[in-house]
Amino acid sequence: MTSLINEYVERVDFDSYEDFAQNFKFKIPEDFNFGFDVVDKYAEIDPDKKALVWCDDNEDKIFTFKEMKEESNKVANFLKSLGIKKGDCVILTLKSRYEWWYTMTALHKIGAIAISATHMLKLHDIKYRLSKAHIKSIITIDEDNLIEDYTKAEAELDMNIIKITVSDKKFDKWYNLHEEMDKQSNSFKRPKGNDATNIHDPLVMYFSSGTSGNPKMVKHNGKYPIGDIVTAQYWHEVIEDGLHHTAADTGWIKAVWGNLYGQWLCGAAVFIYDYKRFHALDLIKKVTEHKVDTFCAPPTVFRFLIKEDLSDIDFSSLKHVSTAGESLPPEVFNKFKEITGLEIKEAFGQTETVISIGTFKWLDPKLGSVGRENPNFKIDLLDKDGKIVDIGEEGEICFDLSADNTGLFDEYNSDPERNQETRYWGYYHCGDKAWKDEDGYFHFVGRNDDVIKSSGYRIGPYEVESAVISHPAVVECAITGYPHEVRGQIVKATIVISNDYEESEELKKDIQQHVKKVTAPYKYPRMIDFVSEIPKTSNGKIIRKIIRENDLKKFEEEN
């Protein structure tokens with residue numbers, strides 16, 4: 001058994017959360033490079049150690065660390081031959097293709113900046129990203145019109161971009177990754193001198209959509225992977241030489257903190273199911289058939305799962321499950337535990353961070369809470385005047401910039417105004433609201449823009465969603481504020497109902513009465529909209545912003 005975690009933390013094992021909070025500390029070499037010091041190191045000391053177990057609906061592949069080293073070296077040599085060097089930005093739209101893992105490793109070895117993006121990008125989104133990040137190269141799948149849109153965007157922007165695809169098809173002025181890899185050596189020497197990397201160099205950047213304006217370009221440095229040791233070891237509770245899966249495609253930062261950095265540093269392999277169309281039941285079948293030990297998914301996936309017939313699923317291999325991205329409704333927690341015997345442990349993180357608050361391994365899950373703070377951060381809840389709020393009071397989640405903060409982003413790239421707006425009073429202000437109870441557990445309320453202000457009340461969407469989804473007719477729910485001339489806003493529920501029910505005014509009234517019984521009556525949804533689908537990101541996170549924008553247009557047209 002081999003694990004590299006001991007090389008990067010002062011101490012691995014702790015007796016309690018208090019012991020963890022007081023004594024956890026990183027030790028990070030200045031010249032750390034994830035590609036060489038993790039992937040290649042495993043290939044040297046345990047070449048047959050599993051790195052990636054990948055499947056789609058037709059085939060299975062297993063990559064050892066020796067194979068991951070050799071494949072990444074071929075990619076690195078190919079990219080270097082094209083002139084890609086340290087500091088160059090490369091955008092990846094590879095969905096959950098296995099090429100993403102060794103291409104990311106190759107980019108880290110070169111010192112190029114990896115920018116993973118969702119395959120759902122449209123022409124407008126692509127043009128913004130190519131120009132904003134001064135993209136040197138594109139590496140992409142051939143799906144969702146991406147090849148055509150990338151080619152068109154490059155022409156319209158008058159850019160000269162190195163274009164690479166993993167497709168078997170031929171495209172004019174596009175390189176084929178596999179054909180070019182076949183021409184390369186599987187050895188790649190660690191760069192020296194000015195080409196060498198260190199922990200202060202930019203490593204990855206992610207475009208993260210805010211509540212307004214264009215997407216932010218979030219930049220992380222070379223020590224970011226080490227910050228995810230906390231994510232993997234103490235929240236995911238990965239098992240050395242075991243198998244972990246986080247349900248997230250590679251277009252979102254959850255892929256690196258859930259399916260790459262921390263898991264490999266802690267000695268676990270990663271399982272990936274590259275599906276054509278997402279179905280929760282198909283995913284859990286693949287997870288259990290491949291004997292995954294630890295599993296993480298957004299609450300949406302668990303919501304779908306508890307509505308399925310899981311009687312034929314063998315959950316015996318699963319030792320630990322976790323969730324983040326949205327608040328987990330108590331109904332979902334309780335039902336999943338009833339079915340599997342497993343308690344889902346929540347956490348909070350952003351594109352700008354690793355897991356910063358979590359229900360870590362010594363902590364019992366508390367319904368409605370995302371847990372306690374990652375000891376690598378010092379997190380305070382501040383009011384609008386910058387004062388720390390009292391226990392039980394809502395405040396903005398803020399990161400004290402004097403702490404270690406390994407895993408906190410460097411900056412919003414090329415955006416000094418936004419950096420100033422979020423870093424002041426000695427804190428990074430993350431824009432999310434929470435309150436803390438007497439046990440030190442944080443309770444997430446919502447984004448500043450998600451909090452509904454109605455007739456003087458402040459209503460967090462997650463507590464209402466939990467109440468709505470506990471109604472037997474409701475499969476999914478998104479709570480937003482709808483404009484109102486007198487109340488300011490009213491609570492609106494956008495709901496997907498079960499096939500066993502029919503839409504009706506009577507059902508709306510029944511859901512409203514149900515909510516009044518399970519939570520404070522003033523929080524009930526005065527407006528209910530039945531829909532076939534709720535807008536979500538590709539990793540299942542509800543996009544309330546789209547609902548709010550559509551409702552605002554409707555309100556303005558009617559008034």
Side-chain angles (χ1 to χ4, degrees), residues 1-9 11-17 19-20 24 34 38-39 41-43 45-55 60-66 68 101 225-248 254-273 283-297 301-302 313-324 336-337 340-347 354-355 358-365 371 374:
M1 295 177 69
T2 53
S3 170
L4 298 177
I5 185 173
N6 288 284
E7 297 191 17
Y8 302 107
V9 298
R11 181 177 151 200
V12 176
D13 297 318
F14 301 91
D15 298 327
S16 63
Y17 171 79
D19 185 17
F20 175 56
F24 179 81
F34 182 80
V38 178
V39 175
K41 185 68 176 290
Y42 278 130
I45 62 177
D46 192 356
D48 294 328
K49 184 180 178 68
K50 288 181 184 177
L52 177 66
V53 177
W54 177 95
C55 73
D60 288 62
K61 286 180 177 287
I62 295 176
F63 291 87
T64 65
F65 276 100
K66 179 178 182 291
M68 196 60 64
W101 278 261
I226 292 177
D228 270 317
I229 285 175
V230 174
T231 303
Q233 184 75 11
Y234 305 109
W235 177 54
H236 284 153
E237 298 188 40
V238 298
I239 298 170
E240 187 172 340
D241 290 326
L243 196 57
H244 174 81
H245 177 68
T246 288
K254 196 173 181 182
V256 293
W257 58 250
N259 286 324
L260 180 59
Y261 295 142
Q263 292 69 34
W264 283 2
L265 275 158
C266 297
V270 168
F271 169 74
I272 297 297
Y273 171 39
L283 172 63
I284 203 65
K285 285 180 178 178
K286 292 287 187 180
V287 163
T288 52
E289 286 169 4
H290 285 81
K291 306 298 182 185
V292 168
D293 301 292
T294 53
F295 174 62
C296 180
V301 171
F302 291 106
I313 305 295
D314 180 5
F315 288 96
S316 61
S317 65
L318 272 181
K319 306 297 188 296
H320 185 268
V321 289
S322 49
T323 194
F336 190 79
K337 183 179 179 181
T340 67
L342 297 165
E343 296 183 327
I344 305 170
K345 290 197 170 184
E346 290 190 71
V354 294
I355 285 300
T359 309
F360 296 110
K361 64 186 301 182
W362 311 270
L363 298 174
D364 292 327
N374 177 337

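- Between Ile272 and His245 the shortest side-chain heavy-atom distance falls below 4.5 Å.
- In this structure the side chain of Val354 never reaches within 4.5 angstrom of the side chain of Val230, judged on heavy atoms.
- In this structure, Asp364 CG and Tyr17 OH are separated by 14.0 Å, a value rounded to the nearest 0.5 Å.
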Given the rule in the side chain to side chain contact (heavy atoms under 4.5 Å, CB included) test, do Asp314 and Lys291 qualify, once you have shown the distances and angles that lead to the verdict? CA-CA 9 Å; Asp314 180 5; Lys291 306 298 182 185; 4.2 Å; yes
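- With sequence neighbours left out, the side chain to side chain contact (heavy atoms under 4.5 Å, CB included) criterion links Ala324 to Trp235, Trp257.
- Looking only at side-chain heavy atoms (C-beta outward), Val9 and Ile229 come within less than 4.5 Å of each other.
- The closest side-chain heavy-atom distance from Ile5 to Leu265 is not below 4.5 Å.
- Each of Phe271, Phe295, Trp54 was compared with His290 under the ring pair (Phe, Tyr, Trp, His ring centres under 6.0 Å) criterion, and only Phe271 meets it.
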Are Asn259 and His244 close enough, and set up right, to give a side chain to side chain contact (heavy atoms under 4.5 Å, CB included), and what steps lead you there? CA-CA 7 Å; Asn259 286 324; His244 174 81; 4.2 Å; yes
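- Once rounded to the nearest 0.5 Å, the distance linking CG of Leu243 with NZ of Lys319 reads 11.0 Å.
- By the 30° and 60° cut-offs, the orientation of the rings of Phe24 relative to Tyr234 is perpendicular.
- Between the Thr64 side chain and the Lys50 main chain, no donor and acceptor come within less than 3.5 Å of each other.
- Environment of NZ in Lys66: sparse, with no more than 12 heavy atoms of neighbouring residues, nucleotides or ligands closer than 6.0 Å.
- By the 4.5 Å heavy-atom criterion applied to side chains, His236 and Cys266 are not counted as neighbours.
- Checking Thr294 against His320 by side-chain atom types alone, no donor-acceptor pair falls below 3.5 Å.
- Under the 4.5 Å side-chain criterion, counting only non-hydrogen atoms from C-beta, Trp101 is not in contact with Phe63.
- When all heavy atoms of Val256 and Asp228 are compared, the closest pair comes out as O-OD2, 4.1 Å.
- In terms of heavy atoms, Trp264 sits closest to Val39 at CZ3-CG2, 3.7 Å.
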Step by step, would you call Thr340 with Leu318 a side chain to side chain contact (heavy atoms under 4.5 Å, CB included)? CA-CA 9 Å; Thr340 67; Leu318 272 181; over 6 Å; no
Could you walk me through whether Val321 and Phe336 pass the side chain to side chain contact (heavy atoms under 4.5 Å, CB included) test, one step at a time? CA-CA 10 Å; Val321 289; Phe336 190 79; 3.9 Å; yes
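- Under a 3.5 Å cut-off, the side chain of Trp362 and the backbone N or O of Phe14 do form a donor-acceptor pair.
- Looking at every heavy atom in both residues, Ala247 comes nearest to Lys254 through O-NZ, 4.4 Å.
- In this structure, Ser3 OG and Ile45 CD1 are separated by 8.5 Å, a value rounded to the nearest 0.5 Å.
- Pairing each heavy atom of Thr288 with each of Ser317, the nearest pair is O-OG, 4.2 Å.
- The aromatic rings of Phe34 and Tyr261 sit perpendicular to each other, their planes meeting at more than 60°, with 30° as the lower class boundary.
- Side-chain atoms of Phe65 and Asp46, non-hydrogen and from C-beta on, never get closer than 4.5 Å to each other.
- For the atom pair Phe315 CZ and Ile284 CD1, the distance stands at 5.0 Å (nearest 0.5 Å).
- For the atom pair CZ (Phe302) and SG (Cys296), the distance works out to 7.0 Å, reported to the nearest 0.5 Å.
- Counting heavy atoms from C-beta outward, Val287 and Tyr273 have side chains that stay 4.5 Å or more apart.
- Side-chain N or O atoms of Ser322 include none that pairs as donor or acceptor with a backbone N or O of Lys345 at under 3.5 Å.
- Taking NZ of Lys361 as the start and CZ of Phe20 as the end, the distance is 9.5 Å to the nearest 0.5 Å.
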